[in-house]
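What follows is a single structure, written as structure tokens, with notes after it.
First the proteins, then the strands, lettered A, B, ... as listed; each starts at 1.
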There are 2 protein chains.
Amino acid sequence: MAIPRAARTQRRTRIQEEKEEIILEAALDVFSVSGFRGSTIDQIAEVAGMSKPNLLYYFRTKEAMHRALIDRVLFTWLEPLRAFDANGNPESEIRSYIRRKLEMARDFPRESRLFANEMLQGAPHVEDELRGPLKALVDEKVEVIRAWAKAGKIAQCDPYHLIFSIWSTTQHYADFDVQVRAVLGDEHSGEGRFEDAARYLEQLFVDGLRIRQG
Amino acid sequence: MAIPRAARTQRRTRIQEEKEEIILEAALDVFSVSGFRGSTIDQIAEVAGMSKPNLLYYFRTKEAMHRALIDRVLFTWLEPLRAFDANGNPESEIRSYIRRKLEMARDFPRESRLFANEMLQGAPHVEDELRGPLKALVDEKVEVIRAWAKAGKIAQCDPYHLIFSIWSTTQHYADFDVQVRAVLGDEHSGEGRFEDAARYLEQLFVDGLRIRQG
DNA sequence: TGTAATGTTTACCAATCGGTCAAATTATCC
DNA sequence: GGATAATTTGACCGATTGGTAAACATTACA
């Protein structure tokens, strides 16, 4: 008889690793478009190319799949902010932060949309993580930015809103991709639009913060 | 026998006007949080305080409710951009555009989230409107901004991405409200945060575009 | 006040939902 | 190769889904 996955303590099988990966990949496809409530296990099973009971053998509930995805995304999503370096100079740090966030929007749009979906629904599954680890990390970087402002390296500004504005402008290209494409028209919707966006955003933030090379 | 609403040609009744308003209000509550697929007619009926068949007497399908909402939101949502005046001076026009968009995020967050949900799902119900009327309006305003840049009133920049960045930064405060509150902490999450955001964003864009009074 | 149109409700439908179960199949390891 | 554990499947469950039919209640208007 099969032992329910959650009760197992043994090392994971090769098949387990592979199948769980396939399932999470399919779940990301579905959840990122339809949100948690709007997605069905059947949809995910079909995308994953396996039967529903088989899928439920690896993740016992829909919540379990969603939680596994969210945990993974939350971690990697904050990678660029973690890399934000207090010892670097303001201009290059902000430039590369924008770059990295924009690259993530381009390379991992589903992850961005999964997160956006969760926010729109009021973060029912991750509010604790937002108030805990996320806030802690942001608070830390806010202090860095404040120090830069105090030293006259950048203009006086609210560091929280600065971070919000970088998040929103970059993630916009993943979350509102369909709108961006529609407005730009098919001719300007190629991959070049990310380069255009990077150029514009770097100019906006560097000049907007009146950054002086330090 | 009751005549299906869609087949009626007569003027709308007082009861119709009232009930349809109540239903759309409830539908906005539900759709804006859960998206189209994740929302149920039963939820909407409960929020509206009427029975499901009664609700379906006024809107024959879930799609009909959603479409009615989207149509209404799409129109009012573009009001600030329509007000964007080519004859005004760049600084005050951009300042007041940011203000207006921020006020809408504050006063109509459900409408913003409804739209965001639709975008995340790939705009299955409104892609035509995006490629048609929306693109047309944006193209028109883009020309205004281009003229400003040509006249040296603002820095050279891609007007499309400028508009995207104003959209994203302002709507962020509605769509990601829960994250903003979590990061700012309960002490800074009052209504004052909109004033802080307005101050920061105006500074960012005015300096970022190196606007010179015209 | 009568009556026809409008509005509301109860009971119901087939389809889909998340999830279970036991049986059948496959992989692993001695 | 055989025993044992891991994996997969089809059949199924009760609850919920979007939506309907028809009886019933209310309103508007002559």
[X] vs [N]: side-chain N/O to OP1/OP2 distance below 4.0 Å:
X: A:N54; N: D:dT9; result: yes
X: A:Q16; N: D:dT7; result: yes
X: B:Y58; N: C:dT8; result: yes

Take the protein atom [atom1] of [X] and the nucleotide atom [atom2] of [N], then report the distance between them rounded to whole Å.
X: B:E17; N: D:dA28; atom1: CD; atom2: P; result: 13 Å
X: B:I22; N: C:dG7; atom1: CD1; atom2: P; result: 13 Å
X: B:M50; N: C:dT10; atom1: CE; atom2: C1'; result: 17 Å
X: B:K62; N: D:dT20; atom1: NZ; atom2: P; result: 14 Å

Angle class for the A:F164/A:W167 ring planes (parallel below 30°, perpendicular above 60°, tilted otherwise)?
tilted
Between [options], which nucleotide gets closest to the side-chain atoms of [X]?
X: A:R37; options: D:dT17, D:dA6, C:dT9; result: D:dT17
X: A:Y57; options: C:dT6, C:dT10, D:dA6; result: D:dA6
X: B:L56; options: C:dT10, D:dG19, C:dC21; result: D:dG19

List, with names and distances, any nitrogen or oxygen atoms from the protein found under 3.5 Å away from nitrogen or oxygen atoms belonging to nucleotides 26-28 of chain C.
residue : atom : partner : partner atom : Å
C:dT28  : OP1  : A:R14   : NH2          : 3.1

Contact summary for B:T170 and B:A105, nearest pair of heavy atoms:
O-CB, 3.5 Å
Name of the residue among A:H172, A:R106, A:R193 meeting side-chain hydrogen bond (donor to acceptor under 3.5 Å, both in side chains) with A:D177
A:R193
Can B:R146 and B:E143 be counted as an ion pair, charged N to O under 4.0 angstrom?
yes
Quick check on DNA chain D: between B:F36 and A:K19, whose nearest nucleotide comes earlier from the 5' end?
A:K19
Between B:K101 and B:T169, is there a donor-acceptor pair closer than 3.5 Å when you use the side chain of the first and the backbone of the second?
no
Please check: side-chain N/O of A:S34 versus main-chain N/O of A:F31, any donor-acceptor pairing under 3.5 Å?
no
Taking atom CD of A:E202 as the centre, report whether more than 12 heavy atoms of other residues, nucleotides or ligands fall under 6.0 Å from it.
yes
Counting only heavy atoms not in A:F84 (residues, nucleotides, ligands), do more than 12 fall under 6.0 Å from its CZ?
yes
Does the base of D:dG18 carry an N or O that pairs as donor and acceptor with the side chain of B:K52 under 3.5 Å?
yes
Which residues in residues 38-46 of chain B have at least one heavy atom lying under 4.0 Å from any atom of DNA chain D?
B:S39, B:T40, B:I41, B:D42
Sequence-distant partners of B:Y160, ring-ring contact (aromatic ring centres under 6.0 Å, His included), two or more places apart:
none
